[in-house]
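To start, the structure itself, in C-alpha cells.
Everything quoted here is computed from the prediction, not taken from an experiment.
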Amino acid sequence: MPETLKPDPKRWTALIFIAIAQLMVVLDATVVNIALPSAQADLGISDGNRQWVVTAYTLAFGGLLLFGGRVADLWGRKNTFIVGLFGFAAASAIGGAAVNTSMLLGARALQGVFGALLAPAALSLLAVMFTDAKERAKAFGIYGAIAGAGAAVGLILGGVLTEYLNWRWALFVNIAFAAAAIIGAGLFINEPAQGRNRNRLDVPGVILASAGLVSLVYGFSRAESDGWGAGLTVGLFVAAGVLLVAFVLVESRVKAPLLPLRVVTERNRGGIYLSLGLAVIGMFGLFLFLTYYLQTVMGYSALKSGFAFLPMVAGMIVGSTQIGTRLMLRVRPRYLMAPGFLVAAVGMGILAQIKVDSSYAAILLPGLVLMGLGMGTAFMPAMSLATHGVRPEDAGVASAMVNTSQQVGGSIGTALLNTLAASATTSWITGHLKSPGDLKNKVFVNEAAVHGYSVAIYWAMGILLVSAVLAFTLINASVQNNPERAEGDESIEDVAVPVIAH
C-alpha cells in the first residue's frame, strides 16, 4: 500500500534557499558574458581563448549533469546540494582572484563540475519535499520562473557589477549566494530518508555519458567558430553519436544504470525533455542576438541592455506563478505547455520585425513580454511533470535530464542560430553591396547585421512552433492532482502518487 509521508513543516523556507542556489547556477551562464570583455582586457586573454571562459563552464556542466544526478540519488540530495554549493563558491573565488588565463579557465571548469552536482540536487529536493499537488504546483511555479528568468537576470546583474565595480565581482557575487544557500540548507532542508539509490555507481555509463555529452556540446561550440563542415566539428559530432549510442546499449544491459531508460522512454517525460530542449534553443538564441542588437546597433550600455530584458523576466514570473500554477491543477500539462510555446512563438515573431531604428516600446517590449509569459507558462508544468511519478531512487537523475536538455539546447541554440544569422548577413551584404566603401558605412553594416538577427529569430520562432506541436502530441498526462492514469498510456505508473510514496 502506498504510504505518503507527512509534509516537512520547513519546506517553504527551504524553497527560498533552493531557489537561491538555482538562480546562482542559471545566471552564472550569462553574468560572465557581460563581464567577459573587461576580463579579456585585464588578463590579456587572446581572442582564440576568449570563448573558453564560457565553454569551459558549459562543457563541464553539460557533460557531468547525469553523473551529478546519480550522485544525488546515491549520497542524498541535501548532502550533494551542500557539497555543490561549497565547491561552486570556492571555484568562483578562484576565478574572481584569477591572475592569468589558465587560472580563470580552470576556475570556470570547476564551477561547471560543482554546478552539475548542484542543479539536479536542487530540483530533486523539490520533487521529494513537496508532495501535495497544490503545494507542488506553487513550488514548481516559483522554481520554473527562476529557471527561465535566471539567464536574463544574469545580464542585468553582470551589467551592474561590471559598470559599477569590476568584472571580478561577476564571479565573487556567487560566494554570497552560496553562503546564504548553505546556511539555509543546514537549517531548513530536511530530506526524506526514503528514496536513496544505494546501488554501485555505473562507471562505464558515467564515462560514456560524460564523454558523449562533452563531445556534443563542444561540437556545437566548434561549429559556431569553425563552421559545420570543419573536420574537428564533424569528428566531434560523430564521436558524440557513437558514445551516446554505446551509452544507451550499456544502460539497457547493466543492473544499476546511470540513467535508467525508463526515465526517458516514459512518454510524458520524453516529450518534456524533447520539447523543452528545443524551446531553449530558441530562447538562448534570442538572448544572444538581442544583446548584440541592443549594444552594437541601438547603442545601449551593458547595464541598460540588461534592464531592457526586465519585461521578459516579469512575464516569466507571471506566467509561472500566476498562470501555470493556477491552471496546472485544473488542466492537463499539454494544454499549458503547447499554448505557452505558441505565445512565446508569437513574441518571437514580433521581435523578428526589428530594424536599425526600431522603437523599444513598439517592437521589443511586446515581444519580450509575450516571450516571458509563454515560456513561464510552459516551464512550470514541464519542471513539475518531469519529476512527477518517478521512482524515488530516480528523482536525481530525472532532474538531471531536465537540466541536460536545457544545457544541450542552449549550446545548440547559440551555435545553430549564430551560424544562420552570419549566413543571412553575408547574403544580404552580397545582394546590397554597391561599392567597397559600403562596408565602412555604419548604417549599412548595422542593416546587414539586423537582417541576420531577424532571420535567426524567425528560425527560433519556427523551433518554438515545433516545440508546441511536440508538447501537444507527446505529452498526454492527466491533471497532476488526478489519480487516473494518463489517457492512452498504460505504461505510466501512478502519475499522481507523490514521488516519495512507496
Side-chain angles (χ1 to χ4, degrees), residues 137 140-141 144-145 147-149 151-152 267-287 289-290 309 311-354 363-386 402 405-406 409-410 412-413 416-417 420 454-480 487:
F140 276 90
R267 175 173 177 164
N268 290 284
R269 275 191 291 278
I272 282 170
Y273 298 145
L274 185 58
S275 62
L276 197 59
L278 280 173
V280 170
I281 289 177
M283 193 171 76
F284 267 65
L286 179 72
F287 288 148
F289 299 124
L290 282 191
F309 282 95
M312 188 175 76
V313 177
M316 282 187 170
I317 292 171
V318 171
S320 285
T321 62
Q322 300 304 312
I323 301 173
T325 299
R326 292 177 185 277
L327 294 180
M328 192 178 84
L329 303 179
R330 301 176 184 176
V331 300
R332 293 184 172 212
R334 69 176 177 182
Y335 295 138
L336 288 174
M337 290 185 65
F341 290 141
L342 286 175
V343 170
V346 171
M348 280 284 195
I350 295 172
L351 291 168
Q353 309 307 312
I354 55 172
I363 301 293
L364 296 176
L365 180 60
L368 287 169
V369 169
L370 288 174
M371 263 292 297
L373 279 172
M375 294 300 282
T377 301
F379 263 50
M380 204 287 298
M383 291 287 184
S384 179
L385 187 59
V402 177
S405 66
Q406 292 182 70
I412 294 171
L416 175 62
L417 295 177
L420 291 169
S454 179
V455 168
I457 293 171
Y458 271 124
W459 275 96
M461 180 185 76
I463 292 169
L464 279 171
L465 291 174
V466 173
S467 294
V469 171
L470 289 174
F472 189 80
T473 304
L474 296 178
I475 298 169
N476 68 348
S478 302
V479 178
Q480 288 195 41
E487 180 181 323

When rounded to the nearest 0.5 angstrom, what distance separates [atom1] in [X] from [atom2] in [Y]?
X: L327; Y: R332; atom1: CG; atom2: CZ; result: 15.5 Å
X: M283; Y: L276; atom1: CE; atom2: CG; result: 8.5 Å
X: L420; Y: L416; atom1: CG; atom2: CG; result: 5.0 Å
X: I323; Y: L373; atom1: CD1; atom2: CG; result: 5.0 Å
X: R326; Y: T321; atom1: CZ; atom2: OG1; result: 8.0 Å
X: L274; Y: T473; atom1: CG; atom2: OG1; result: 10.5 Å

Show the nearest heavy-atom pair for residues [X] and [Y], with the distance to one decimal.
X: L464; Y: M375; value: CD2-SD, 4.0 Å
X: R334; Y: P339; value: O-CD, 3.5 Å
X: M337; Y: A378; value: CG-O, 3.6 Å
X: M348; Y: A460; value: CE-CB, 3.7 Å
X: G367; Y: L351; value: CA-CG, 3.8 Å
X: P381; Y: L336; value: CG-CB, 3.9 Å

Beyond-backbone contact of [X] with [Y], side-chain heavy atoms, under 4.5 angstrom:
X: T377; Y: V343; answer: no
X: F379; Y: V280; answer: yes
X: V346; Y: L342; answer: no

Please check if the side chain of [X] supplies one atom and the backbone of [Y] the other of a donor-acceptor pair under 3.5 Å.
X: S320; Y: G376; value: yes
X: S467; Y: S275; value: yes
X: R267; Y: L474; value: yes
X: N268; Y: I475; value: no

Check against side chain to side chain contact (heavy atoms under 4.5 Å, CB included), S454 and Q353:
CA-CA 7 Å; S454 179; Q353 309 307 312; over 6 Å; no
Show, in sequence, the C-alpha distance, side-chain angles and deciding distance for V466 and L470, and conclude whether the side chain to side chain contact (heavy atoms under 4.5 Å, CB included) test is met.
CA-CA 6 Å; V466 173; L470 289 174; 4.0 Å; yes
Using side chain to side chain contact (heavy atoms under 4.5 Å, CB included), reason through L290 and L368 one step at a time and then give a plain yes or no.
CA-CA 10 Å; L290 282 191; L368 287 169; 3.8 Å; yes
Go through F341 and L465 one step at a time and tell me if the side chain to side chain contact (heavy atoms under 4.5 Å, CB included) criterion holds.
CA-CA 7 Å; F341 290 141; L465 291 174; over 6 Å; no
